[in-house]
Amino acid sequence: MEGWDPNTKSTLTQIPLLTIKAGPRDGAAWTQRLKEEYKALIAYTSMNKSKDNDWFRISAANPEGTRWKGKCWYVHNLLKYEFDLQFDVPVTYPSTAPELELPELDGKTEKMYRGGKICLTVHFKPLWAKNCPRFGIAHALCLGLAPWLAAEIPVLVDSGMIKHKDDVATSSES
Amino acid sequence: MEAELKELVNDLHSLKKSISNPSHLALIDKMHLHAENIATLEKSGTTRRSKVKDMSAEVIDSNPYSRLMALQRMGIVNNYERIREFSVAIVGIGGVGSVAAEMLTRCGIGRLLLYDYDKVELANMNRLFFRPEQVGMTKTDAAVQTLSEINPDVVLESYTLNITTVEGFDTFMSSLTNKSFQPAKSGSGVDLVLSCVDNYEARMVVNQACNELNQTWMESGVSEDAVSGHIQLLIPGETACFACVPPLVVASGIDERTLKREGVCAASLPTTMGVVAGLLVQNTLKYLLKFGQVSRYLGYNALKDYFPTMEMKPNSQCSNAACLERQKEYILAKPTRDAAAKAKADKEVLSAAQNPVHADNEWNISVVDDEEVAGASGGNSGVLPEGIVHELPVADEYPKPPVTETVGPADDLEELRRQLEALNAD
Ligand SMILES: [Zn+2]
C-alpha cells in the first residue's frame, strides 16, 4: 500500500472485508452483498466513534440499497465543516467503485469531476481493482473520501472558497 | 441579432434627419447599406438545407454527398449508400464523442443515438464542437441542435442519462435493442456502439451491456495528461472484453511520479481528442462499410508520434459472466466460421497476388483460437507491445473465507439497517 498515510492504512485493515461479488442487478446475491456492506459500515462507524473520529453518516436512500445519502464533515482550525454526501452503486459494482459525490462543492474545486464527484488519487483505483470484491462502501469512504477531505477542505477554507456556518461555530463533532 | 440590426437602422435614420452638415449624409447612407447587408446575411445564414431522399453521386455544389460518393467511384468502398442503413450509438458526448458524432453526421450515417448526462460548460471550450452560446444546455440537446443543422438526413436520438446507475442502464439497454429503425436487422437495434466516455466505471458499464447483447463496440480513450490515446475494437466472445484484462493504455513516456497532479483532475487538448475521434470514426467507417483493415487496438503517443497496434484474445478466466457465455458461443460456432473463411479464402486466392495486405488477417484469428483457452488469468499481459501498459492491476487471488456467519438476527437485512441507523442517530 504505497502512497497511503499510516493512519488510513491501519484504519483500513480494521474494516471487515466482504466476500460476495454481486452488484445491484444480481438479485438475491446483491441482498447478501448488501448485508456485508451494512456489517462493514456498522463496524467502521463504531470504530470511528470509539476513536473519537466520527466523520460521516450514510444510509441507503432506496429499499434496493443502490442509492445512498448522508453527510460527512471535517474539522479544520477547530471549526466543523459539514457537507451532503451521496452516491449511486454502479451496475458494474463491485468491479468498479462507487463515485462519491459532494454536490455542495461542485464547481468549487478542480479536484472534482462534474456533478460534484470527487477526484480520487492515482492510488485509489489500482488498490480497489486489486481487492475486488473484498472492498465495499466503507472501504471507499475510508480510502477515497477521508483523504480527499483532509487534503481539500483546508485548501478550500484557506482560499475562502467555503465559509463556515456560524450556527455550528462552537460545537465540535458529536 | 435581428432586433439589434433594426435598432441600428432606425438610429441611422433619425441621425440622418437631425444632421445639418450635408457632407455627412453620404457616410450615413453607406452605414445604412452595411446594416441592411448584415441583416440579409444573417437571414440567409439561418436557412436550413432540406432533406435529401437518395444519395446522389452527381458532382455539383448543391450535393452534400458528392465527395463521399466519389469513394465508391474510386473503388475504395463498394456501396457507400449503405451508410444510411446504419445506427451508431455514441456514449459520452465530450471531447471525443461530440467530434465523432459530427464526423458520422457529415458522412451521412443513418441514425445516431447520443448518451450523456452532462451540460456544456465554458471549461469545455478548449475542445472542438460545442460553442460558447451553448453553455448551460445538456450536451445531448446541444449536439442535436448542431448536428441536425449540419445534416437533417440523420435520425438523431438523445438520451440525457447516466448509464452507470440502475435506471440509466435499463434505458440504455432498451434503447440499444429498439429495432424500429431497421426492423429486419439481426442482432440488436444498433450496428456499433462507440464508447467515448472519460472514466473506467462507464467503460465497464458499456462492456457489460455489449457483452449481454452480444454487441460489437469500440472503445476510445485519451489519457488524463492529454498526450496519449487509443481506440480498441471489442467483439464479444472473439476479442478480449474490457474486463478480460486490465485496461490497456499507451504510456506517455512520462514518469507517473514526476507528473504534477496537484490541483487538477485532468488536462485536455483539442488536438489529441480530435486525432482519437478521427481514428475511431475511421475504424468505424471501415468496419461498417467493409473496406481496408479494421484495427483491433491502435494506440497514439503524441509525444513520440508512435502508434502501437495489437490484438487481444478473450480471457477464459474473465470475471464477467456474459463474456464467458459469449466465449463459449464463439468456440461452438468455429466449424461454421472455418467453412465461411475457407470459402472466402478460396475466392481470394485468385486475386491474392496483387493484394497481400488484405489476406493475412481474417482467418488467422479463427485458427489461433484453440490455443487461447490455455491462457491463464493474466490474459495476454505478458506479450504487450512496447509502449502499451496496463492501467490497473488484476484482482488478487484470495482464498474464499470459511463460512462462519451466524444465521439469525445478525444476518437479517432489516436488522442490519436498524443497527446502522441507531449508530447514525447519536
Ligand atoms: Zn471478458
Side-chain angles (χ1 to χ4, degrees), chain A residues 17 19 21 23-25 31-32 34-39 41-42 45-46 49 54 56-60 62 64-67 70-71 88-93 95-99 107 109-115 117-122 125-134 151 155 174, chain B residues 117-119 121 123 162-170 172 198-209 224 243 246-247 256-257 259 261-266 319-321 390-396 398 400-401 403 405 410-413 415-417 419-426:
Chain A
L17 293 170
T19 62
K21 186 173 183 286
R25 293 169 70 240
T31 309
Q32 292 305 315
L34 207 49
K35 289 179 196 170
E36 294 189 325
E37 297 284 358
Y38 273 108
K39 287 175 193 168
L41 279 169
I42 289 164
T45 309
S46 312
K49 282 175 185 255
D54 200 16
F56 70 86
R57 290 284 175 271
I58 196 76
S59 316
N62 61 2
E64 300 80 25
T66 59
R67 176 135 189 93
K71 301 238 175 243
D88 283 288
V89 178
V91 287
T92 44
Y93 188 80
S95 292
T96 61
E99 297 177 278
T109 160
E110 298 227 278
K111 290 263 195 130
M112 202 166 240
Y113 298 103
R114 67 267 154 143
K117 290 175 180 169
I118 64 167
C119 181
L120 298 165
T121 70
V122 285
K125 284 185 188 185
L127 195 64
W128 183 276
K130 239 171 127 55
N131 285 283
C132 173
R134 289 173 292 175
V155 176
S174 53
Chain B
Y117 63 89
D118 207 6
K119 286 189 169 141
E121 291 171 13
N162 179 353
I163 60 160
T164 69
T165 65
V166 176
E167 306 79 52
F169 187 76
D170 286 345
F172 181 45
D198 60 2
N199 64 86
Y200 173 69
E201 290 75 15
R203 287 186 179 96
M204 285 289 275
V205 171
V206 176
N207 185 62
Q208 182 69 37
E224 294 205 327
E256 268 287 331
R257 285 164 299 182
L259 197 60
R261 300 178 67 102
E262 282 84 40
V264 281
C265 281
S319 63
N320 187 294
H390 287 292
E391 194 180 32
L392 292 172
V394 185
D396 283 346
Y398 65 98
K400 287 260 187 291
V403 187
E405 304 290 333
D411 208 44
D412 177 68
L413 188 59
E415 175 54 31
L416 288 165
R417 192 169 291 168
Q419 280 180 31
L420 182 62
E421 285 317 310
L423 277 171
N424 281 348
D426 61 52

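This structure is a prediction, so every number in the text was calculated from the model and none was measured. Hydrogens, waters and symmetry mates play no part in the numbers below; they use all other heavy atoms, side chains included. The chains referred to below are lettered A, B, ... by the order of the sequence lines, with proteins before strands, and numbering in each begins at 1.
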task: Identify which part of B:E201 has an atom lying under 4.5 Å from any heavy atom of chain A, answering side chain, backbone, both or neither.
output: both

- line: Between B:D118 and B:E121 the two heavy atoms that sit nearest each other are OD1-OE2, 4.5 Å

task: Looking only at non-hydrogen atoms, find the nearest pair between B:D411 and A:K39 and report the distance.
output: OD1-NZ, 3.1 Å

Proximity breakdown for A:E37 and chain B, heavy-atom pairs closer than 4.5 Å: neither

query: Does any heavy atom of chain A fall under 4.5 Å from the side chain of B:D198, the backbone, both, or neither of them?
result: side chain

- prompt: What pair of heavy atoms forms the shortest contact from B:F172 to B:V206, and how long is it?
  reply: CE2-CA, 4.3 Å

Partner residues of A:A129 under the side-chain contact (heavy atoms from CB on, under 4.5 Å) criterion, sequence neighbours left out: B:L392, B:P393

- line: Per-residue tally against chain B (heavy atom, under 4.5 Å) across A:T31, A:I58, A:V89, A:L17 peaks at A:I58

query: Quick one: what part of A:K49 sits under 4.5 Å from any heavy atom of chain B, side chain, backbone, both or neither?
result: side chain

task: Please determine, among B:A243, B:A395, B:A422, the option with the most heavy-atom pairs under 4.5 Å with chain A.
output: B:A395

- request: Taking all non-hydrogen atoms of both residues into account, name the closest pair between A:G65 and A:A60 and its distance.
  value: CA-CB, 4.1 Å

- request: Please identify each residue that fulfils side-chain contact (heavy atoms from CB on, under 4.5 Å) with A:E64, with sequence neighbours left out.
  value: A:N62, A:T66

statement: Okay, B:N162 and chain A: the region with an atom under 4.5 Å from a heavy atom over there is side chain

- prompt: What residue, out of A:L34, A:T92, A:V155, has the most heavy-atom pairs lying under 4.5 Å from chain B?
  reply: A:T92

